[in-house]
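As structure tokens, the structure follows; a few thoughts come after it.
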Amino acid sequence: MKAIRVEQFGDPGVLRLAEVPVPRPAAGQVLVRLRAAGVNPVETYIRSGNYARKPELPYTPGSDGAGTVEAVGEQVAEFKPGDRVYTAGTLSGSYAEFALCQVPQVHLLPERVSFAQGAALGVPYATAHRALLRRGEAAPGETVLVHGASGGVGIAAVQLARAQGMQVWGTAGTERGRLLVLEQGAHRVFDHGARDYLEQIRLAAGKHGVDVILEMVANRNLANDLTLLALHGRVVVIGSRGNVEINPRDIMSREADIRGMVLFNTPPGELAEIHAQLFTGLSDGTLHPVIAEEYPLVKAPYAHGAVMDSGAAGKIVLIP
Ligand code: NAP
């Protein structure tokens with residue numbers, strides 16, 4: 001099969017298309033024929049070699065994909081060949097024509113959801129779900145600011161928060177992104193590139209403030225986030241690419257919480273519950289991943305550049 005292989009850590013050019021054997025599913029494993037693979041920022045950090053968790057070289061990147069079950073190993077009763085599925089984690093990598101998975105990494109994909117959309121679920125939707133509901137403890141009626149709402153996680157968070165009956169605000173850096181954030185259910189949208197956008201949010205939030213902020217770029221925004229929060233407000237740090245200085249008094253006066261989250265820490269039972277709830281939302285149409293761009297597998301280096309660029313408008317996927 002064709003797969004992207006990384007022989008050494010480095011810039012996007014180390015992502016090379018290669019021919020490798022199709023893996024065989026052992027007991028408890030599922031082989032998925034992938035029709036799309038999701039590109040997440042974390043895969044660029046891993047590829048660069050600067051991430052805490054490093055795979056053994058050579059490796060095929062990617063955890064998210066969607067397609068059909070090709071074969072199952074012994075003791076697999078959950079799936080059969082032909083089932084439409086998405087992957088949230090793999091054993092062999094998802095930037096490939098086939099991916100080997102353990103049963104808990106595979107989830108049924110409702111008919112109404114395309115394979116490209118299915119490849120946008122594993123990391124982004126599970127992250128948004130856990131950040132919003134478990135770590136952020138956002139409740140219906142509360143105001144949720146998705147700080148960085150135009151990307152994979154942000155769009156998912158907007159859809160989830162809207163479906164839960166929250167007052168949803170989002171930010172994006174481009175007109176296209178802001179339009180998309182509104183279309184996906186946000187009540188209000190702000191331009192995180194505008195000089196006065198924090199004032200606009202403060203004005204909109206009034207005396208009460210914002211109950212929950214989902215933060216994609218904490219190194220840029222955390223100090224300001226704390227000044228926007230309501231009494232007992234929560235900031236969930238989902239993404240950060242550097243250090244930041246904060247004023248602890250902003251937390252004290254609001255009895256506010258800064259909560260970190262990493263999808264990798266999700267206990268297996270909670271992860272199963274998240275994917276069961278995603279299936280319901282995907283089936284009834286409240287959740288519908290937005291695809292920004294599709295590229296052939298060979299363009300993985302370009303896709304890694306694109307996912308780190310500003311101007312997000314949904315999810316970038318690779319088509320094997
Ligand atoms: P993405 O699709 O590339 O989206 C990035 C988002 O950040 C876009 O909405 C972008 O908006 C926004 N952004 C850029 N500059 C910003 C600023 N100054 N203030 C606020 N937002 C800004 O990436 P993603 O997949 O959604 O992931 C978002 C972040 O979460 C990444 O850092 C990723 O590594 C992290 N993440 C963490 C976990 C976890 O487990 N903790 C899981 C998944 C992702 P514009 O392009 O419109 O400017």
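Remember, predicted model here, so these are calculated numbers, not experimental data. In what follows, residues are counted from 1 in the order of the sequence shown.
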Residue pairs involving residues 227-243 (criterion salt bridge (Lys or Arg N to Asp or Glu O under 4.0 Å); sequence neighbours excluded):
Glu142-Arg234
Go through the side-chain N and O atoms of Thr227 and Arg202 and say whether any donor and acceptor fall under 3.5 Å apart.
yes
Pairwise side-chain contact, Glu137 with Arg259, heavy-atom cut-off 4.5 Å (strictly under)
yes
Answer with yes or no after comparing the ring centroid distance for Phe190 and His147 against a 6.0 Å cut-off, counting only values under it.
no
Looking at Glu255, I'd like to know if its CD atom is crowded, meaning that more than 12 non-hydrogen atoms belonging to other residues, nucleotides or ligands lie closer than 6.0 Å.
no
Listed by chain and number, what are the salt bridge (charged side-chain N to carboxylate O under 4.0 Å, His left out) partners of Glu175, not counting sequence neighbours?
Arg178
Linked, directly or transitively: Ile319 and Phe115 (ILVMFWY side chains, under 4.5 Å)
no
I'd like to know whether CZ of Phe279 has more than 12 heavy-atom contacts from other residues, nucleotides or ligands below 6.0 angstrom.
yes
Can you tell me if Glu43 and His304 form a side-chain donor-acceptor pair at under 3.5 Å?
no
Which residues satisfy the side chain to side chain contact (heavy atoms under 4.5 Å, CB included) test with His107, sequence neighbours excluded?
Tyr86, Ala88, His275
In this structure, CZ of Arg112 is separated from OG of Ser283 (nearest 0.5 Å) by 8.0 Å
Using the test side chain to side chain donor-acceptor pair (under 3.5 Å), find all partners of Thr60 that sit at least two apart in sequence or belong to another chain.
Arg5
Would you tell me whether Arg162 and His187 have side-chain atoms, one donor and one acceptor, within less than 3.5 Å of each other?
yes
Residue pair His129, Gln277: steps toward the side-chain hydrogen bond (donor to acceptor under 3.5 Å, both in side chains) verdict
CA-CA 9 Å; His129 193 289; Gln277 290 182 15; 2.9 Å; yes
All salt bridge (charged side-chain N to carboxylate O under 4.0 Å, His left out) counterparts of Asp83, not counting sequence neighbours
Lys80
Parallel, tilted or perpendicular for Tyr51 and Tyr45, by the 30°/60° rule?
tilted
How would you list, by chain and number, every residue that makes a salt bridge (charged side-chain N to carboxylate O under 4.0 Å, His left out) with Glu293, sequence neighbours excluded?
none
Side-chain touch Arg134/Met261, heavy atoms, less than 4.5 angstrom:
no
Is it the case that Asn219 and Asn243 place a side-chain donor and acceptor less than 3.5 Å from each other?
no
Transitively linked via ILVMFWY side-chain contacts under 4.5 Å: Val189 with Leu214?
yes
